[in-house]
Number of protein chains: 2
Amino acid sequence: MQLSNTSQYAIRTLTYMATHKEVQMNATQLSRVLDIPYKFLTKIMTDLVKVDLVESIRGREGGYLLKKQSREIALRDILTVFHDGIEQEQCILGIGVCSSLCKCALHDQWVAPKQQIQQMFEQTTLADIAGQGCKI
Amino acid sequence: MQLSNTSQYAIRTLTYMATHKEVQMNATQLSRVLDIPYKFLTKIMTDLVKVDLVESIRGREGGYLLKKQSREIALRDILTVFHDGIEQEQCILGIGVCSSLCKCALHDQWVAPKQQIQQMFEQTTLADIAGQGCKI
DNA sequence: TATTAATTCTACCTTTCAGTAGTAATTAGT
DNA sequence: ACTAATTACTACTGAAAGGTAGAATTAATA
């Protein structure tokens, strides 16, 4: 019941980039500052480039840039790239899908917490969390 | 961001047993009714026996029984057996632990949803969900 | 006591996630 | 044109989760 390593790395990286919008970062710098394995980071960044959340500049003096305003990027946008987060109809007990017609035993208790998590991931943008906290 | 298969199976099995307290079930029956691989189910049940949530009766005419009243078994009790659920201080971004002294960028947004999930898993017992829903 | 139906134990296989290695492609600067 | 610095691609390795196989153990019943 937690985010995958990949999602955590992605959120941390984009958040860090959002707090330093002006400067263009490259993979080596990000890897060092955030203590994320270099090769793993570049793999993740490539995925983020493909879905147009990040722009990559190849070659010498290259690096990465956010492709949208940080307030335009919600955490949910990042999580869906890696099939993480919580899907609307996904049953918490893993029995197919839960709808109002047919639900699992735990469905009613799960509705409220699920809603709150989903809302949090949808409403929270990089702008909201950039620069917050004392850990990177 | 979801429960492990093991946790899901465990909750479903114990919930089913709670709704049929009178009768003693064996692994073959549970496996068929709940559509859980037999060998996997028995492995899970053995773990639940070890932590005293379930009583096993070995040999012919054997099977499994809940060892406590269903209202005495919270979902949290089951999840902790398989190291699932949400730990109190575990950082959602995976950067060590989050405390009031030093927290991650997402900490503040995460507090409320986390609290609600934890409460749900602590307060919901097998008695609450036994017989609910239309899926087993 | 022998049989049979059940749980338990040990070991293995398979799939997915996490992480690594090497090379190709791209581009700025000289 | 060449070099150095950078991202992208392909393929591999290691660890954990999910799942399977077979034999050992237990106990009721005939």
Side-chain angles (χ1 to χ4, degrees), chain A residues 1-14 17 23-67 79 81-85 93-95, chain B residues 1-14 17 23-67 78-85 93-95:
Chain A
M1 197 84 194
Q2 62 171 3
L3 295 177
S4 68
N5 265 7
T6 305
S7 297
Q8 293 175 338
Y9 286 159
I11 293 176
R12 287 175 55 213
T13 305
L14 296 192
M17 289 171 68
V23 277
Q24 166 188 314
M25 308 272 189
N26 66 36
T28 308
Q29 296 169 314
L30 290 170
S31 161
R32 286 213 188 109
V33 175
L34 297 166
D35 194 28
I36 299 172
Y38 174 83
K39 284 289 196 178
F40 198 19
L41 177 73
T42 57
K43 182 189 272 188
I44 293 171
M45 292 308 275
T46 302
D47 289 339
L48 294 172
V49 168
K50 280 179 184 153
V51 297
D52 252 18
L53 287 177
V54 171
E55 182 183 355
S56 73
I57 297 156
R58 299 182 64 168
R60 186 166 178 166
E61 307 290 302
Y64 298 106
L65 286 171
L66 290 185
K67 201 152 181 184
L79 295 182
V81 178
F82 306 104
H83 310 102
D84 212 334
L93 294 185
I95 322 172
Chain B
M1 197 86 194
Q2 61 170 4
L3 296 178
S4 68
N5 265 7
T6 305
S7 297
Q8 292 175 338
Y9 286 159
I11 293 176
R12 287 175 56 212
T13 305
L14 296 191
M17 288 170 67
V23 278
Q24 166 189 315
M25 307 272 189
N26 66 36
T28 308
Q29 297 170 313
L30 291 169
S31 161
R32 286 213 188 110
V33 175
L34 297 166
D35 194 29
I36 298 172
Y38 174 82
K39 286 287 194 178
F40 198 19
L41 177 73
T42 58
K43 181 189 272 186
I44 293 170
M45 291 309 274
T46 302
D47 289 340
L48 293 172
V49 168
K50 280 180 185 152
V51 297
D52 253 17
L53 286 178
V54 170
E55 182 183 356
S56 72
I57 297 156
R58 299 183 62 165
R60 188 167 176 166
E61 306 291 302
Y64 299 105
L65 285 171
L66 290 184
K67 201 151 181 185
I78 303 169
L79 295 182
T80 51
V81 178
F82 306 104
H83 311 102
D84 212 332
L93 294 184
I95 321 172

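- Residue contacts for B:Y9: at a heavy-atom cut-off of 4.0 Å it reaches the sugar-phosphate backbone alone, with no base atom in range.
- Within a 6.0 Å radius of CG in A:D35, other residues, nucleotides and ligands contribute 12 heavy atoms or fewer.
- Mapping heavy-atom proximity under 4.0 Å, the span of DNA chain C touched by chain A runs 5' to 3' from C:dA18 to C:dA28.
- Separating the CZ atom of A:R60 from the P atom of D:dT7 is a distance of 13 Å, rounded to the nearest angstrom.
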Exercise. Take A:L14 and A:Y64, measure what side chain to side chain contact (heavy atoms under 4.5 Å, CB included) needs, and give me the verdict at the end.
Key: CA-CA 10 Å; A:L14 296 192; A:Y64 298 106; over 6 Å; no

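- A sub-4.0 Å separation between OP1 or OP2 of D:dG19 and a side-chain N or O of B:N5 is present.
- Rounded to a whole Å, the CG atom of A:D47 is 15 Å from the P atom of D:dT7.
- To the nearest 0.5 Å, atom CE of residue B:M25 and atom CZ of residue B:R32 are 13.5 Å apart.
- Residue B:S4 is in sugar-phosphate contact alone, with no base atom involved, counting any heavy-atom pair closer than 4.0 Å across all strands shown.
- In this structure, B:K43 atom NZ and D:dG22 atom C1' are separated by 14 Å, rounded to whole Å.
- Between the B:S31 side chain and the B:P37 main chain, no donor and acceptor come within less than 3.5 Å of each other.
- Between the CD1 atom of B:I57 and the C1' atom of D:dT29 there is a distance of 17 Å, given to the nearest Å.
- Summarising the geometry, the separation between CG on A:L41 and C1' on D:dA8 is reported as 13 Å, rounded to the nearest angstrom.
- Using a distance-only test at 3.5 Å, with no hydrogens or angles considered, a donor-acceptor pair links the side chain of A:Q24 to the main chain of A:E61.
- Separating the NZ atom of A:K39 from the P atom of D:dT6 is a distance of 14 Å, rounded to the nearest angstrom.
- Atom CD1 in B:I36 sits roughly 13 Å away from atom P in D:dG18 (whole-Å rounding).
- Side-chain N/O atoms of A:Y38 include none lying less than 4.0 angstrom from OP1 or OP2 on D:dA8.
- The residue among A:E61 and A:L3 whose nearest nucleotide of DNA chain C is located toward the 5' end is A:L3.
- Among the heavy atoms of the strands lying under 4.0 Å from B:S56 are primed sugar atoms or P, OP1, OP2 only; no base atom is included.
- B:T6 comes within 4.0 angstrom of sugar-phosphate atoms only, judged by non-hydrogen atoms across all strands, and of no base.
- In terms of modelled atom types and a separation under 3.5 Å, the side chain of A:D84 and the main chain of A:S4 share a donor-acceptor contact.
- Rounding to whole angstrom units, CZ of residue B:F82 and P of D:dG19 are separated by 13 Å.
- The shortest side-chain heavy-atom distance between A:L34 and A:Y9 does not fall under the 4.5 Å cut-off.
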